[in-house]
Amino acid sequence: MDPHKRPLLQNKSRIFENCYIYILPVALGKKRMSLFQTQITNGGGICVSKLSATKCNVTHIVLEDSVVKDSERCVRLLSSINVDTNTAVKIVGTQWISKCLKECVCLDTKEFELSVEKITDKVNTKSNSKPLNEDRDPGTVKNDVADFATCTVEDSPPKKLKPAVSEEDVCLQSSSKPRENSECNHLVIAELQKLANAFRSTGDQWRAYGYEKAISAIKAYGSEITSYEEAVSIPGVGSKIAAKVSEFLASGHLRKVDEICGSERSQVVELFTKVWGVGPATAQSWFQQGFRTLEDLKANPNLTKQQKIGLKHFDDIQDRMPRQEVEQIAAVVETAALSIEPKLNVELCGSYRRGRTTCGDVDILITKQDNIHTDILPCLLQQLKESGFVTDDLVNIEVSRNQKKYLGICRLPGENQKHRRLDIFVVPESEYATALMHYTGSALFNRSIRLVAAHKGMSLSEHCLLAGVVREGKEMLNDGYIVPTPTEKSIFGLLGIEYRPPEEREHRL
DNA sequence: GAACAATGATG
DNA sequence: CATCAT
DNA sequence: GTTC
Ligand SMILES: Cc1cn([C@H]2C[C@H](O)[C@@H](COP(=O)(O)OP(=O)(O)OP(=O)(O)O)O2)c(=O)[nH]c1=O
Ligand SMILES: [Mg+2]
């Protein structure tokens, strides 16, 4: 072959040389997608099918033109897909490809580009506070597909019960982002959640973890998923779950759900694990021993104290409570705490602090000055029990042992009040920020931020942030050293992560 | 094929 | 130690 | 389950 014979064609076919191009499969039909892909490949470029969390050598991200115009939507989509807007990635519309092909040049005109400035601009100027979607059907005792208000906080920002130790977490009015979470996404999520629950209750924790991450990613995803391609493009959603999304899109149904969740074994085991104190091991053991219903369990002689309590309050505990009730419960605890020691700082954490419209329990963080040595928890609990507020203990509360964690059950005074789960944590001032982070969650958020820490030779717990940690697999080979963390912001900073207010910690990092 | 967070309480 | 919890 |  004489290369000189075809110089034109050569040139023409190399217009995308050195281009690593990712096409966002949103608002793009399958055929148009693959058309672009072959065009790019023929042009010497490389199509990336999935953005990797770490090494993105991607040079261009192509969006459908209508998407590029809606820069607000761009922000949502790109951020949910972990695009680092600080890198030199060119974000362009599909027109760019067309024009490049037409002119046989790899042009890089700004007219196609969505500049980073534009993005951050939009983010900052945007201040929508939309009403929260509260969509909970009271009466669903079964599959606990928890409510999910797409974290828009408008009514009650995390209210400090008492100002003291810190300040950065007081004024978190910052409007968070997307609403308009889609109808269909929710339906798929409900199905996937069934599978996640089933896997967890049989002890398949890693499979369940995979599902949870994917579910969380889809919830955080900005728009309606319409294809397999779009689904796999979401980090955390792999081929298997994307196929399930696709199947659901086509049929409104997942065969896997029938297959897995349909069996008596699965249903019973799942029911049992909903009892507080019952996990996969006991649930399955009980099933094998022939137990089938909660009634059966009451006749089971091997129930632990915790499980008896869990059984007694089974229905109430399944339920989630409105924010206002959380506030009422917290007020009771705060009053009692301050009567013991007025210098205590009492603060609501958990899903309440993240702005959720309903909460599964009440998480209260009490910070005490380092010079206070009174056993706070025993005193506090004695009071709360004498007043009849706390009705059951899920952990033994003992004097002398300087206990920090209380798990129990309480009920507000008055008629028709349900029993609610109550968690109280008492920590010294020096651990305030890490404890606040921990108990604010979410659990997935904690796990992902701790993963970041680990990869930086650090370790984050509710007690402290350690640096200089050397690991060999799981084992920590040394003790590292404690890095002072006066505020939540300082923790983010030390980990090299941009600060996120509680409302934006619903999903993983 | 390995890793997937880190810790406390119970028995 | 396994189990269950946050 | 997904990611590296
Ligand atoms: C369950 C769990 C919680 N946590 C932290 C983060 C949670 O936000 C915090 C409180 O735990 P939870 O009260 O179990 O969770 P939550 O408050 O976020 O949600 P819910 O409305 O159902 O109560 O503890 C972990 O770090 N790891 C875990 O496995
Ligand atoms: Mg909670």
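A note on names: the letters A, B, ... follow the listed sequences, proteins ahead of strands, and every chain is numbered from 1. Atom set for the values below is all heavy atoms of this structure, side chains included, hydrogens, waters and symmetry mates excluded.
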Would you classify [X] as touching base, sugar-phosphate or nothing, given that sugar-phosphate means primed atoms plus P, OP1 and OP2, and contacts are heavy atoms under 4.0 Å?
X: A:Ser448; result: nothing
X: A:Leu195; result: nothing
X: A:Val232; result: nothing
X: A:Arg200; result: nothing
X: A:Asp204; result: nothing
X: A:Ala214; result: nothing
X: A:Tyr439; result: nothing

Can you tell me the distance, in whole Å, between the [atom1] atom of [X] and the [atom2] atom of [N]?
X: A:Leu451; N: D:dC4; atom1: CG; atom2: P; result: 11 Å
X: A:Asp361; N: C:dC4; atom1: CG; atom2: P; result: 19 Å
X: A:Glu462; N: C:dT6; atom1: CD; atom2: C1'; result: 8 Å
X: A:Ile309; N: C:dA5; atom1: CD1; atom2: P; result: 13 Å
X: A:Arg421; N: C:dC4; atom1: CZ; atom2: C1'; result: 12 Å
X: A:Asp423; N: C:dC4; atom1: CG; atom2: C1'; result: 14 Å
X: A:Glu431; N: C:dT6; atom1: CD; atom2: P; result: 20 Å
X: A:Leu407; N: C:dA5; atom1: CG; atom2: P; result: 10 Å

Quiz item: What pair of heavy atoms forms the shortest contact from A:Ser351 to A:Gly360, and how long is it?
Solution: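 In terms of heavy atoms, the two residues are closest at OG-N, 4.2 Å.
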
Exercise. Considering non-hydrogen atoms only, spot the tightest contact between A:Gly238 and A:Val232 and give its length.
Key: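 The pair with the smallest heavy-atom distance is O-CG1, 3.7 Å.
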
Exercise. Check the side chains of A:Glu386 and A:Gln382 for a donor-acceptor pair under 3.5 angstrom, ignoring hydrogens and angles.
Key: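 Side-chain D/A pair, A:Gln382 to A:Glu386: present.
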
Self-check item: Test item: side-chain donor near acceptor, A:Glu212 and A:Gln193, under 3.5 Å
Solution: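 Present: a donor and an acceptor within the cut-off.
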
Self-check item: A:Tyr439 vs A:Phe425, ring-ring contact (aromatic ring centres under 6.0 Å, His included): CA-CA, chis, key distance, verdict
Solution: CA-CA 9 Å; A:Tyr439 292 116; A:Phe425 315 99; 3.5 Å; yes

Quiz item: Toward the 5' end of DNA chain B, which comes first, A:Tyr209 or A:Lys404, by nearest nucleotide?
Solution: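 Its nearest nucleotide being more 5', the pick is A:Tyr209.
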
Quiz item: Quick one: on DNA chain B, does A:Ala443 or A:Gln306 contact a more 5' nucleotide (nearest heavy atom)?
Solution: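 Nearest-nucleotide comparison on DNA chain B picks A:Ala443.
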
Self-check item: Nucleotides bounding contact with chain A, strand DNA chain B, heavy-atom threshold 4.0 Å
Solution: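 Span of nucleotides near chain A: B:dC4 to B:dT10.
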
Self-check item: Under the ring pair (Phe, Tyr, Trp, His ring centres under 6.0 Å) test, residues paired with A:Tyr211 that sit two or more places apart
Solution: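 Counting only residues at least two positions away or on another chain, A:Tyr211 forms a ring pair (Phe, Tyr, Trp, His ring centres under 6.0 Å) with A:Phe199.
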
Practice problem: Establish, yes or no, whether the cationic atom of A:Arg411 lies under 6.0 Å from the six-membered ring centre of A:Phe389 and within 45° of the ring axis. | Solution: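 Relative to the ring axis of A:Phe389, which defines the angle, A:Arg411 lies outside at least one limit.
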
Self-check item: Note, A:Leu348 side chain near A:Asp363 side chain (heavy atom, < 4.5 Å)
Solution: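 The answer is no, as the side chains (C-beta and beyond) never meet within the 4.5 Å cut-off.
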
Self-check item: Within-4.5 Å side-chain heavy-atom neighbours: A:Val362 and A:Arg421
Solution: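 No, every pair of side-chain atoms sits at 4.5 Å or beyond.
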
Self-check item: Between B:dA6 and D:dT2 - P atom distance, rounded Å
Solution: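 Taking atom P in both D:dT2 and B:dA6, they lie 23 Å apart.
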
Quiz item: Taking the P atom of each, how far is B:dC4 from C:dT6, in whole Å?
Solution: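 Nearest-Å result for B:dC4 against C:dT6 at atom P: 23 Å.
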
Quiz item: Looking at C:dT3, C:dT6, D:dT2, which one has an atom nearest to any side-chain atom of A:Thr282?
Solution: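 Among the listed nucleotides, the one closest to the side chain of A:Thr282 is C:dT3.
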
Practice problem: Name every residue in residues 286-302 of chain A that has at least one heavy atom under 4.0 Å from any atom of DNA chain D, in order of residue number, or write none if there are no such residues. | Solution: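 Residues of residues 286-302 of chain A under 4.0 Å from DNA chain D: none.
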
Exercise. Just say parallel, tilted or perpendicular for the rings of A:Phe492 and A:Phe445, cut-offs at 30° and 60°.
Key: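 Rings of A:Phe492 and A:Phe445: tilted, 30 to 60°.
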
Practice problem: Using only side-chain N and O atoms of A:Lys240, determine if any of them is under 4.0 Å from OP1 or OP2 of D:dG1. | Solution: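 Yes.
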
